[in-house]
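Only a predicted model underlies this, so the values are computations on that prediction, with no experimental measurement involved. Letters go in sequence order (proteins before strands), and every chain restarts at 1.
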There are 2 protein chains.
Amino acid sequence: MPILPISIVMQLTDLTARQIRYYEEQQLISPARTEGNKRMFSLNDVDALLEIKDYLEQGLNVAGIRKLYETKETPINDQAEPKTLSDAELRSLLREEMKHQARPFDRAFHRQGDLSRFFK
Amino acid sequence: MPILPISIVMQLTDLTARQIRYYEEQQLISPARTEGNKRMFSLNDVDALLEIKDYLEQGLNVAGIRKLYETKETPINDQAEPKTLSDAELRSLLREEMKHQARPFDRAFHRQGDLSRFFK
DNA sequence: AATTCGTGTCAGAAAATATAACATTGGTTT
DNA sequence: AAACCAATGTTATATTTTCTGACACGAATT
């Protein structure tokens, strides 16, 4: 259900329009479009953006995040758990994280439901 | 939480922009405004609009609906049950309804939660 | 020093929304 | 029947929001 304009998503995620559009360009999200080509976001999109933000803050780069979600039919949400990674992929990602002294995956995996704080 | 632009509210309620603006003018709802003066609706606003639509279809007029919700601090939502009406008020409203052969209050009172069908 | 990545910023165009005025439709009243 | 009024449609014009694309910049990498 795409119901949110980018301005609201900016507030909800504390991301700039530039960042949001960039993540779309990098295929991390695929918001819907109105007839007039305006982006419209679903709550899932917002969830995804919060997750992306979290990963970035943990030191992952966009390519790494994309890898995490690269599955045939499964964009960035629509799945309870991020896909299973090959050993090689996993080691690669972890190495990436180490370089930025971020503790390995934790918070991002619990992002599910974070949006709830916006709705009483 | 005002998060929805009028275009989405139109889809959600199947009302025209004209109708929505008119109901605001008639003080049935008070959507928030952006800095640039664009209306932004909360889910409560949408709920209220669905309720308004229902009442209108039952034959009530805007004045009657406004009466229903006329309370100091309580606009149209923010209350589990529409306010208690004086006998005079109630009789007046019922008379109004009779004229339009609508069965007395029923569906509108159960509108709460109707929005859920939009969110899985 | 030259690249790359993620983001900021700016310009110009197009879409969405705002207000205001006038028109129409249906029922009510005189 | 004529005049009214409430609710909504329609149209015009103004303003805001969003879009794309280009260029800039700082921090890493190579």
Problem - Atom pair CG/CZ of Leu12(A) and Phe41(A) - distance to nearest 0.5 Å - result: 11.0 Å

Handout entry: Euclidean distance, atom CD of residue Gln27(A) to atom P of dG6(C) [Å, nearest integer]
Key = 13 Å

Exercise for the section: Look at the side chain of Asp47(B) and the backbone N and O of Asn44(B), then say whether any donor-acceptor pair between them is shorter than 3.5 Å. Expected result: no

Problem - Whole-Å gap separating C1' (dA7(D)) and CD (Gln26(B)) - result: 9 Å

Completion exercise
Sorted by chain and number, sequence neighbours left out, side-chain contact (heavy atoms from CB on, under 4.5 Å) with Ala63(B) holds for Asn61(B), Arg66(B)

Exercise for the section: Name all pairs fulfilling the salt bridge (charged side-chain N to carboxylate O under 4.0 Å, His left out) condition that reach into residues 27-36 of chain A, sequence neighbours left out, sorted by first residue then second. Expected result: Glu24(A)-Arg33(A)

Practice task
List the protein contact pattern of nucleotides 16-21 of chain C with one symbol per nucleotide (5' to 3'): B for base contact, S for sugar-phosphate-only contact, - for none; contact means a heavy-atom distance under 4.0 Å.
Solution key: SBSB--

Handout entry: Spacing between Ile20(A) atom CD1 and dT20(D) atom C1', to the nearest angstrom
Key = 16 Å

Fill in the blank from the handout: Distance col, row Leu4(B):CG vs Met40(B):CE, nearest 0.5 angstrom, shows 8.0 Å

Handout entry: dC5(C) phosphate, OP1 or OP2, under 4.0 Å from Tyr22(A) side-chain N/O
Key = no

Completion exercise
The side-chain contact (heavy atoms from CB on, under 4.5 Å) partners of Lys38(B) (sequence neighbours excluded) come to Thr34(B)

Completion exercise
Between Val62(A) and Leu56(A), the two heavy atoms sitting closest are N-CD2, 4.2 Å

Handout entry: Set of residues satisfying side-chain contact (heavy atoms from CB on, under 4.5 Å) with respect to Ala32(A), sequence neighbours excluded
Key = Pro2(A)

Practice task
Quantify the bending of the helix from dA1(C)-dT30(D) to dT30(C)-dA1(D) as the angle between its end axes, each fitted on five pairs, to 10°.
Solution key: 10°

Practice task
Only one of Leu15(A), Val46(A), Leu43(A) passes side-chain contact (heavy atoms from CB on, under 4.5 Å) with Val9(A); say which it is.
Solution key: Val46(A)

Completion exercise
note: Leu56(B), atom CG; dG26(C), atom P; distance rounded to Å ~ 17 Å

Practice task
Take atom CG of Leu28(B) and atom P of dA6(D), then tell me their distance rounded to the nearest Å.
Solution key: 14 Å

Exercise for the section: Figure out the OH/P separation between Tyr55(B) and dA6(D), and round it to whole Å. Expected result: 21 Å

Fill in the blank from the handout: When rounded to whole Å, the CZ to C1' distance for the pair Arg66(A) and dC5(C) reads 12 Å

